[in-house]
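Just so it is clear, the structure is predicted and the values come from calculations on it, not from any experiment. Both backbone and side-chain heavy atoms feed into the values below; hydrogens, waters and symmetry mates do not.
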Amino acid sequence: MRKILAAAAAAGTLLMAGAGGASAAGAEEPWSEPWSGSITGASAKGVFTSENDGGSDQDKRYRLTGTLTVTDKNPEACYYVQAGSEWIGKPRPPKWWGSSSARQCGPGTIDVTSSVQAGWTITARIVRDTDNADFAAFTQITVPAEARTGVSAVSAGPKYSLALKNGRTLAWGENEYGQTSVPAAATSGVTAISAGPRHALALKNGGVVAWGDNAFKQTVVPADAKSGVTAIATGWSHSLALKNGKVIAWGENNNGKVTVPAEATSGVSAVAAASGTSMALKNGKVVVWSDEEALRDVPAEATSGVSAIAAGPGHLLALKNGKVIVWGYGGDHLNVPAAAQSGVTAIHASDSCSFALKKDAVTGWGTKQDLCDAPAARSGVSDMSAGEEHNLVLKDGKVYDWGHLFA
(Lines give C-alpha, C1' and ligand atoms only; values in the text may rest on other atoms or scores of the structure.)
Protein backbone atom coordinates (compact mmCIF):
# COMPACT_ATOMS: atom_id res chain seq x y z
CA MET A 1 0.00 0.00 0.00
CA ARG A 2 1.20 3.53 -0.77
CA LYS A 3 0.19 6.85 0.69
CA ILE A 4 0.75 10.54 -0.03
CA LEU A 5 1.19 12.97 2.84
CA ALA A 6 1.23 16.77 3.04
CA ALA A 7 2.09 19.02 5.98
CA ALA A 8 3.44 22.48 6.79
CA ALA A 9 7.21 22.90 6.87
CA ALA A 10 9.05 24.70 9.63
CA ALA A 11 11.52 26.17 7.15
CA GLY A 12 11.49 26.19 3.39
CA THR A 13 8.42 24.60 1.81
CA LEU A 14 7.20 21.03 1.96
CA LEU A 15 6.74 19.59 -1.50
CA MET A 16 4.95 16.23 -1.46
CA ALA A 17 5.71 13.15 0.59
CA GLY A 18 5.64 9.51 -0.35
CA ALA A 19 5.87 6.55 1.98
CA GLY A 20 6.47 2.95 1.11
CA GLY A 21 4.08 0.32 2.38
CA ALA A 22 4.41 -3.36 3.14
CA SER A 23 2.79 -6.32 1.46
CA ALA A 24 0.90 -9.01 3.29
CA ALA A 25 4.07 -11.07 3.30
CA GLY A 26 5.89 -8.28 5.09
CA ALA A 27 8.24 -7.37 2.23
CA GLU A 28 8.20 -3.81 0.97
CA GLU A 29 6.53 -3.33 -2.41
CA PRO A 30 8.33 -1.28 -5.09
CA TRP A 31 6.56 2.04 -5.58
CA SER A 32 6.88 5.36 -7.38
CA GLU A 33 5.22 8.73 -6.73
CA PRO A 34 5.68 12.18 -8.32
CA TRP A 35 6.50 15.24 -6.25
CA SER A 36 6.60 18.95 -7.03
CA GLY A 37 6.56 22.29 -5.29
CA SER A 38 7.86 25.83 -5.19
CA ILE A 39 8.85 28.70 -2.93
CA THR A 40 9.71 32.29 -3.79
CA GLY A 41 12.87 32.08 -5.89
CA ALA A 42 12.88 28.34 -6.63
CA SER A 43 10.82 25.37 -7.78
CA ALA A 44 11.43 21.63 -8.05
CA LYS A 45 9.78 18.49 -9.34
CA GLY A 46 10.59 14.84 -9.75
CA VAL A 47 9.81 11.31 -8.60
CA PHE A 48 10.07 9.33 -5.36
CA THR A 49 10.91 5.64 -5.84
CA SER A 50 11.72 2.72 -3.60
CA GLU A 51 14.77 0.58 -4.18
CA ASN A 52 14.86 -3.04 -3.04
CA ASP A 53 17.79 -4.98 -4.38
CA GLY A 54 17.23 -7.97 -2.13
CA GLY A 55 20.02 -6.94 0.21
CA SER A 56 19.85 -6.18 3.90
CA ASP A 57 17.46 -3.61 5.32
CA GLN A 58 20.40 -1.23 5.61
CA ASP A 59 20.78 -1.35 1.80
CA LYS A 60 17.14 -0.60 0.98
CA ARG A 61 16.53 3.05 0.13
CA TYR A 62 13.87 5.56 -0.74
CA ARG A 63 15.22 7.67 -3.57
CA LEU A 64 14.31 11.15 -4.75
CA THR A 65 15.26 12.34 -8.24
CA GLY A 66 14.25 15.40 -10.23
CA THR A 67 15.29 18.94 -11.06
CA LEU A 68 15.66 22.15 -9.06
CA THR A 69 15.18 25.47 -10.84
CA VAL A 70 16.24 28.73 -9.22
CA THR A 71 14.93 32.07 -10.48
CA ASP A 72 16.43 34.17 -7.68
CA LYS A 73 18.86 36.56 -9.42
CA ASN A 74 21.06 36.93 -6.34
CA PRO A 75 24.20 34.91 -7.27
CA GLU A 76 24.78 34.05 -3.60
CA ALA A 77 21.25 32.77 -3.00
CA CYS A 78 21.50 28.98 -2.66
CA TYR A 79 18.66 26.46 -2.59
CA TYR A 80 18.53 22.70 -2.25
CA VAL A 81 16.03 19.88 -1.91
CA GLN A 82 15.89 18.04 1.38
CA ALA A 83 14.51 14.51 1.65
CA GLY A 84 13.89 12.78 4.94
CA SER A 85 11.59 12.41 7.91
CA GLU A 86 10.38 14.86 10.50
CA TRP A 87 10.91 13.97 14.13
CA ILE A 88 9.34 15.99 16.93
CA GLY A 89 11.71 16.58 19.84
CA LYS A 90 9.81 18.62 22.40
CA PRO A 91 10.12 21.36 23.45
CA ARG A 92 12.26 22.19 20.44
CA PRO A 93 10.97 22.60 16.88
CA PRO A 94 10.83 19.53 14.61
CA LYS A 95 14.10 17.96 13.56
CA TRP A 96 14.68 16.61 10.07
CA TRP A 97 16.62 13.44 9.37
CA GLY A 98 17.72 12.27 5.95
CA SER A 99 19.85 13.62 3.12
CA SER A 100 20.03 16.69 0.90
CA SER A 101 20.63 17.32 -2.79
CA ALA A 102 23.38 19.46 -4.26
CA ARG A 103 22.80 23.22 -4.07
CA GLN A 104 21.90 25.57 -6.89
CA CYS A 105 23.31 29.02 -6.20
CA GLY A 106 21.87 31.83 -8.33
CA PRO A 107 19.64 31.31 -11.39
CA GLY A 108 19.75 27.98 -13.17
CA THR A 109 18.51 24.38 -13.19
CA ILE A 110 20.30 21.32 -11.85
CA ASP A 111 19.51 17.64 -11.49
CA VAL A 112 18.91 16.65 -7.88
CA THR A 113 19.12 13.30 -6.18
CA SER A 114 18.79 12.28 -2.55
CA SER A 115 17.97 9.13 -0.62
CA VAL A 116 17.22 7.87 2.88
CA GLN A 117 17.04 4.43 4.43
CA ALA A 118 13.84 2.55 3.69
CA GLY A 119 11.29 2.26 6.48
CA TRP A 120 11.08 5.99 7.13
CA THR A 121 8.24 8.24 6.06
CA ILE A 122 9.94 10.25 3.34
CA THR A 123 9.13 13.90 2.70
CA ALA A 124 10.81 16.56 0.58
CA ARG A 125 11.02 20.33 0.66
CA ILE A 126 12.92 23.17 -0.97
CA VAL A 127 15.18 24.91 1.52
CA ARG A 128 17.28 28.07 1.39
CA ASP A 129 20.74 27.90 2.90
CA THR A 130 19.86 30.86 5.10
CA ASP A 131 16.95 28.94 6.61
CA ASN A 132 19.43 26.75 8.52
CA ALA A 133 16.95 23.96 7.98
CA ASP A 134 19.19 21.10 6.91
CA PHE A 135 18.24 18.29 9.28
CA ALA A 136 17.65 20.23 12.49
CA ALA A 137 17.32 23.37 14.51
CA PHE A 138 19.35 24.24 17.62
CA THR A 139 22.39 22.31 16.38
CA GLN A 140 25.85 22.97 14.99
CA ILE A 141 24.27 23.84 11.63
CA THR A 142 22.04 26.63 12.96
CA VAL A 143 24.06 29.85 12.75
CA PRO A 144 23.05 32.22 15.59
CA ALA A 145 22.07 35.81 14.80
CA GLU A 146 25.24 37.26 16.32
CA ALA A 147 27.38 35.24 13.88
CA ARG A 148 25.67 36.87 10.90
CA THR A 149 27.92 39.96 10.90
CA GLY A 150 31.41 41.01 11.96
CA VAL A 151 32.96 37.53 12.19
CA SER A 152 36.68 37.22 11.42
CA ALA A 153 37.35 33.47 11.79
CA VAL A 154 35.47 30.16 12.03
CA SER A 155 36.25 26.65 13.28
CA ALA A 156 34.04 23.55 13.03
CA GLY A 157 34.03 20.64 15.46
CA PRO A 158 32.12 17.42 14.76
CA LYS A 159 28.97 18.49 16.62
CA TYR A 160 29.51 22.19 17.29
CA SER A 161 30.85 25.39 15.75
CA LEU A 162 33.03 28.31 16.83
CA ALA A 163 33.28 31.83 15.41
CA LEU A 164 35.47 34.77 16.34
CA LYS A 165 33.83 38.21 16.48
CA ASN A 166 35.56 41.35 17.78
CA GLY A 167 37.84 39.23 19.94
CA ARG A 168 34.96 37.22 21.37
CA THR A 169 34.49 33.47 20.88
CA LEU A 170 30.97 32.47 19.86
CA ALA A 171 29.91 28.82 20.13
CA TRP A 172 26.81 26.81 19.20
CA GLY A 173 25.81 23.17 18.88
CA GLU A 174 26.22 20.18 21.17
CA ASN A 175 27.56 20.85 24.65
CA GLU A 176 27.94 17.32 26.02
CA TYR A 177 31.53 17.98 27.08
CA GLY A 178 31.20 21.70 27.77
CA GLN A 179 32.73 22.59 24.42
CA THR A 180 30.21 25.37 23.76
CA SER A 181 30.39 26.76 27.31
CA VAL A 182 32.91 29.46 26.42
CA PRO A 183 34.88 30.58 29.49
CA ALA A 184 35.02 34.27 30.40
CA ALA A 185 38.70 34.38 29.40
CA ALA A 186 37.74 33.60 25.79
CA THR A 187 35.08 36.29 25.46
CA SER A 188 37.46 39.17 24.75
CA GLY A 189 40.90 39.73 23.24
CA VAL A 190 40.95 36.41 21.35
CA THR A 191 42.92 36.26 18.08
CA ALA A 192 42.57 32.59 17.05
CA ILE A 193 40.22 29.64 17.72
CA SER A 194 40.35 25.88 17.20
CA ALA A 195 37.46 23.44 17.63
CA GLY A 196 38.40 19.86 18.41
CA PRO A 197 35.98 16.93 18.67
CA ARG A 198 35.36 17.40 22.39
CA HIS A 199 37.43 20.38 23.47
CA ALA A 200 38.28 23.81 22.15
CA LEU A 201 41.19 26.24 22.25
CA ALA A 202 41.47 29.99 21.95
CA LEU A 203 44.55 32.20 21.70
CA LYS A 204 44.50 35.37 23.81
CA ASN A 205 47.44 37.73 24.29
CA GLY A 206 49.80 34.91 23.35
CA GLY A 207 48.33 32.51 25.91
CA VAL A 208 46.19 29.43 25.27
CA VAL A 209 42.71 29.19 26.80
CA ALA A 210 41.17 25.70 26.79
CA TRP A 211 37.78 24.25 27.71
CA GLY A 212 35.63 21.15 27.19
CA ASP A 213 36.52 17.50 27.70
CA ASN A 214 39.54 17.00 29.93
CA ALA A 215 39.67 13.21 30.15
CA PHE A 216 43.30 13.21 29.02
CA LYS A 217 44.32 16.61 30.44
CA GLN A 218 44.00 18.14 26.97
CA THR A 219 42.56 21.33 28.49
CA VAL A 220 45.25 21.62 31.19
CA VAL A 221 47.42 24.22 29.48
CA PRO A 222 51.12 23.80 30.33
CA ALA A 223 52.99 26.81 31.65
CA ASP A 224 55.03 27.03 28.47
CA ALA A 225 51.85 27.64 26.44
CA LYS A 226 50.53 30.52 28.54
CA SER A 227 52.59 33.18 26.77
CA GLY A 228 54.30 33.79 23.46
CA VAL A 229 52.12 31.35 21.47
CA THR A 230 51.34 32.24 17.85
CA ALA A 231 49.25 29.27 16.62
CA ILE A 232 47.03 26.50 18.05
CA ALA A 233 45.51 23.20 16.87
CA THR A 234 43.27 20.52 18.38
CA GLY A 235 43.22 16.76 17.89
CA TRP A 236 40.74 14.25 19.31
CA SER A 237 42.25 14.26 22.77
CA HIS A 238 45.40 16.34 22.47
CA SER A 239 46.33 19.97 21.87
CA LEU A 240 49.14 21.76 20.05
CA ALA A 241 50.64 25.25 20.38
CA LEU A 242 53.42 26.95 18.43
CA LYS A 243 55.85 29.15 20.34
CA ASN A 244 59.04 30.67 18.94
CA GLY A 245 59.19 27.98 16.27
CA LYS A 246 58.73 25.16 18.79
CA VAL A 247 55.72 22.83 18.99
CA ILE A 248 54.24 22.32 22.44
CA ALA A 249 51.87 19.34 22.83
CA TRP A 250 49.75 18.02 25.68
CA GLY A 251 46.92 15.57 26.31
CA GLU A 252 46.62 11.87 25.49
CA ASN A 253 49.98 10.37 24.53
CA ASN A 254 49.20 6.88 23.24
CA ASN A 255 51.63 6.07 20.44
CA GLY A 256 53.58 9.22 21.23
CA LYS A 257 51.29 11.73 19.56
CA VAL A 258 52.22 14.45 22.07
CA THR A 259 55.88 13.42 22.18
CA VAL A 260 57.16 16.14 19.90
CA PRO A 261 60.02 14.93 17.67
CA ALA A 262 63.28 16.84 17.82
CA GLU A 263 62.70 18.09 14.27
CA ALA A 264 59.61 20.00 15.44
CA THR A 265 61.24 21.79 18.38
CA SER A 266 62.65 24.65 16.30
CA GLY A 267 62.02 26.49 13.05
CA VAL A 268 58.35 25.46 12.77
CA SER A 269 55.97 27.95 11.12
CA ALA A 270 52.59 26.15 11.29
CA VAL A 271 50.83 23.32 13.12
CA ALA A 272 47.78 21.14 12.42
CA ALA A 273 46.11 18.24 14.21
CA ALA A 274 43.28 15.74 13.77
CA SER A 275 42.28 12.65 15.69
CA GLY A 276 45.59 11.03 16.75
CA THR A 277 47.80 12.95 14.34
CA SER A 278 50.03 16.02 14.71
CA MET A 279 51.60 17.99 11.85
CA ALA A 280 54.22 20.71 11.67
CA LEU A 281 55.61 22.76 8.80
CA LYS A 282 59.34 23.46 9.01
CA ASN A 283 61.27 25.27 6.31
CA GLY A 284 58.82 24.05 3.68
CA LYS A 285 58.95 20.42 4.90
CA VAL A 286 56.01 18.55 6.43
CA VAL A 287 56.74 16.74 9.69
CA VAL A 288 54.15 14.22 10.97
CA TRP A 289 53.88 12.19 14.15
CA SER A 290 50.79 10.04 14.43
CA ASP A 291 49.31 6.77 15.61
CA GLU A 292 48.45 6.04 11.94
CA GLU A 293 51.28 4.65 9.79
CA ALA A 294 49.64 5.70 6.50
CA LEU A 295 49.70 9.31 7.66
CA ARG A 296 53.28 9.27 8.89
CA ASP A 297 54.49 8.32 5.42
CA VAL A 298 54.93 11.85 4.04
CA PRO A 299 55.28 11.82 0.22
CA ALA A 300 58.56 13.13 -1.20
CA GLU A 301 56.69 15.99 -2.88
CA ALA A 302 55.72 17.34 0.55
CA THR A 303 59.25 17.44 1.97
CA SER A 304 60.15 20.80 0.42
CA GLY A 305 58.47 23.97 -0.82
CA VAL A 306 55.25 23.49 1.18
CA SER A 307 53.49 26.67 2.34
CA ALA A 308 50.46 25.33 4.27
CA ILE A 309 49.21 22.14 5.93
CA ALA A 310 45.85 20.68 6.99
CA ALA A 311 44.85 17.50 8.83
CA GLY A 312 41.84 15.22 8.60
CA PRO A 313 41.40 12.04 10.66
CA GLY A 314 42.23 9.78 7.70
CA HIS A 315 44.15 12.00 5.30
CA LEU A 316 46.55 14.94 5.33
CA LEU A 317 46.98 17.89 2.97
CA ALA A 318 49.90 20.09 1.97
CA LEU A 319 49.96 23.13 -0.31
CA LYS A 320 52.93 23.54 -2.65
CA ASN A 321 53.21 26.19 -5.36
CA GLY A 322 49.43 26.51 -5.43
CA LYS A 323 48.91 22.73 -5.79
CA VAL A 324 47.21 20.48 -3.22
CA ILE A 325 49.03 17.28 -2.19
CA VAL A 326 47.00 14.63 -0.34
CA TRP A 327 47.99 11.34 1.32
CA GLY A 328 46.54 8.84 3.77
CA TYR A 329 43.95 6.10 3.52
CA GLY A 330 42.33 5.31 0.19
CA GLY A 331 39.21 7.14 -0.88
CA ASP A 332 37.87 9.86 -3.11
CA HIS A 333 39.56 12.53 -1.02
CA LEU A 334 42.89 11.35 -2.48
CA ASN A 335 41.74 12.21 -6.01
CA VAL A 336 42.71 15.87 -6.26
CA PRO A 337 40.57 17.59 -8.93
CA ALA A 338 42.13 19.73 -11.63
CA ALA A 339 40.80 22.90 -10.01
CA ALA A 340 42.92 22.21 -6.92
CA GLN A 341 46.18 21.61 -8.75
CA SER A 342 47.05 25.25 -9.35
CA GLY A 343 46.34 28.68 -7.91
CA VAL A 344 45.19 27.43 -4.50
CA THR A 345 45.82 29.76 -1.54
CA ALA A 346 44.44 27.79 1.45
CA ILE A 347 43.50 24.19 2.33
CA HIS A 348 41.21 22.45 4.83
CA ALA A 349 40.34 18.83 5.67
CA SER A 350 37.60 16.91 7.46
CA ASP A 351 36.82 13.21 7.92
CA SER A 352 35.40 12.76 4.44
CA CYS A 353 36.34 15.88 2.49
CA SER A 354 39.22 18.03 1.32
CA PHE A 355 38.81 21.71 0.47
CA ALA A 356 40.87 24.21 -1.48
CA LEU A 357 40.37 27.98 -1.52
CA LYS A 358 41.16 29.47 -4.93
CA LYS A 359 40.36 33.02 -5.99
CA ASP A 360 37.99 33.36 -2.99
CA ALA A 361 35.97 30.28 -4.10
CA VAL A 362 35.97 26.85 -2.46
CA THR A 363 36.52 23.57 -4.31
CA GLY A 364 35.56 20.48 -2.31
CA TRP A 365 35.99 16.77 -2.99
CA GLY A 366 35.82 13.51 -1.06
CA THR A 367 33.59 10.62 -0.08
CA LYS A 368 30.39 12.52 0.78
CA GLN A 369 29.24 14.67 -2.12
CA ASP A 370 26.62 16.64 -0.19
CA LEU A 371 29.27 17.62 2.37
CA CYS A 372 32.11 18.25 -0.06
CA ASP A 373 30.12 20.36 -2.51
CA ALA A 374 30.34 23.92 -1.21
CA PRO A 375 27.02 25.79 -1.55
CA ALA A 376 27.34 29.52 -0.70
CA ALA A 377 31.10 29.28 -1.20
CA ARG A 378 31.62 30.01 -4.85
CA SER A 379 32.85 33.58 -4.39
CA GLY A 380 33.86 36.04 -1.72
CA VAL A 381 35.11 33.44 0.79
CA SER A 382 37.72 34.70 3.26
CA ASP A 383 37.91 31.72 5.64
CA MET A 384 36.40 28.28 6.10
CA SER A 385 36.54 25.27 8.39
CA ALA A 386 35.63 21.64 7.72
CA GLY A 387 33.78 19.62 10.36
CA GLU A 388 32.84 15.95 10.52
CA GLU A 389 29.26 16.42 9.27
CA HIS A 390 29.07 20.15 8.58
CA ASN A 391 31.24 22.92 7.15
CA LEU A 392 31.55 26.66 7.70
CA VAL A 393 32.53 29.43 5.31
CA LEU A 394 33.04 33.10 6.06
CA LYS A 395 31.99 35.78 3.59
CA ASP A 396 31.98 39.50 4.34
CA GLY A 397 31.93 38.80 8.06
CA LYS A 398 28.95 36.46 7.81
CA VAL A 399 28.99 32.72 8.55
CA TYR A 400 27.42 30.31 6.05
CA ASP A 401 26.85 26.71 7.13
CA TRP A 402 25.89 23.49 5.38
CA GLY A 403 25.84 19.85 6.33
CA HIS A 404 23.97 17.40 8.49
CA LEU A 405 22.76 17.11 12.02
CA PHE A 406 25.24 14.78 13.70
CA ALA A 407 23.27 12.69 16.17
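The closest side-chain heavy-atom distance from Lys398 to Tyr400 is below 4.5 Å. Considering only heavy atoms from C-beta on, Lys45 comes within 4.5 Å of Thr67 through its side chain. Looking at Thr265 and Val260, their side chains come closer than 4.5 Å, going by heavy atoms from C-beta outward. Contact check for His238 versus Asn253: no side-chain heavy atoms found under the 4.5 Å cut-off. In this structure the side chain of Val393 never reaches within 4.5 angstrom of the side chain of Asn391, judged on heavy atoms. A heavy-atom distance below 4.5 Å is not found between the side chains of Phe216 and Val258. Between Val208 and Ser239, the closest side-chain pair of non-hydrogen atoms is not below 4.5 Å.
Closest of all the heavy-atom pairs between Ala233 and Leu201 is O-CD1, 3.6 Å. For the pair Leu68 and Ala44, the tightest heavy-atom approach, listed with the atom from each and the gap, is CD1-CB, 4.0 Å. The minimum heavy-atom distance linking Pro337 with Thr363 is given by the pair CG-CG2, 4.0 Å. Between Ala200 and Leu162, the shortest heavy-atom distance links the atoms CB-CD1, 3.9 Å. For the pair Ser38 and Ile126, the tightest heavy-atom approach, listed with the atom from each and the gap, is CA-CD1, 3.9 Å.
Checking side-chain atoms of Ser307 against main-chain N and O of Leu319 turns up a donor-acceptor pair under 3.5 Å. Looking only at distances, a side-chain donor or acceptor of Ser194 sits under 3.5 Å from a matching main-chain atom of Thr234. Remark: side-chain polar atoms of Lys165 are paired, donor with acceptor, to backbone N or O of Thr149 under 3.5 angstrom. In this structure a side-chain-to-backbone donor-acceptor pair under 3.5 Å is missing from Ser114 to Leu64. A donor-acceptor pair under 3.5 Å is absent between the side-chain atoms of Arg125 and the main chain of Gln82, judged by distance alone. Asp383 contributes a side-chain N or O that, together with a main-chain N or O of Val154, makes up a donor-acceptor pair within less than 3.5 Å. With hydrogens and angles ignored, the 3.5 Å screen pairs a side-chain donor or acceptor of Asn175 with a backbone N or O of Ser181.
Remark: Ala280 pairs with Val247, Ala264, Val268, Val287, Trp289 by the side chain to side chain contact (heavy atoms under 4.5 Å, CB included) rule, at least two apart or across chains. In this structure Ser385 satisfies the side chain to side chain donor-acceptor pair (under 3.5 Å) test with no other residue, sequence neighbours excluded. Every side chain to side chain contact (heavy atoms under 4.5 Å, CB included) that Thr69 has, sequence neighbours left out, goes to Ser43, Thr109. In this structure, the side chain to side chain contact (heavy atoms under 4.5 Å, CB included) partners of Ala147, at least two apart in sequence or on a different chain, are Val143, Pro144, Val151, Leu170, Trp172, Val399. Looking at residues two or more places apart in sequence or on another chain, you find no side chain to side chain donor-acceptor pair (under 3.5 Å) involving Thr187. Remark: Asp72 engages Tyr79 in a side chain to side chain donor-acceptor pair (under 3.5 Å) (not counting sequence neighbours). With sequence neighbours left out, the side chain to side chain donor-acceptor pair (under 3.5 Å) criterion links Gln218 to Asp213.
Summarising the local packing, NZ of Lys358 is surrounded by more than 12 heavy atoms from other residues, nucleotides or ligands at distances under 6.0 Å.
Residue pairs meeting the ring pair (Phe, Tyr, Trp, His ring centres under 6.0 Å) criterion with at least one member in residues 174-215, sequence neighbours excluded, do not occur. Within the structure, no pair that satisfies the disulfide (SG to SG under 2.5 Å) test touches residues 216-271, not counting sequence neighbours. Contacts classified as side-chain hydrogen bond (donor to acceptor under 3.5 Å, both in side chains) and involving residues 321-346 (residues at least two apart or in different chains) are given here: Glu292-Tyr329, Glu301-Lys323.
Between the side chains of Arg198 and Ser237, no donor-acceptor pair of N or O atoms lies under 3.5 Å.
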Under 3.5 Å, sequence neighbours excluded: what are the donor-acceptor pairs made by side chains of residues 346-356?
from   : atom 1 : to     : atom 2 : distance (Å)
His348 : ND1    : Met384 : O      : 3.3
Ser350 : OG     : Cys353 : N      : 3.2
Ser352 : OG     : Thr367 : OG1    : 3.4
Ser354 : OG     : His315 : NE2    : 2.9

Mind listing the side-chain donor-acceptor pairs of residues 219-232 below 3.5 Å, one per line with the distance, residues two or more places apart or on another chain?
from   : atom 1 : to     : atom 2 : distance (Å)
Thr219 : OG1    : Asn214 : OD1    : 2.8
Asp224 : OD1    : Lys243 : NZ     : 3.1
Thr230 : OG1    : Leu242 : O      : 3.3

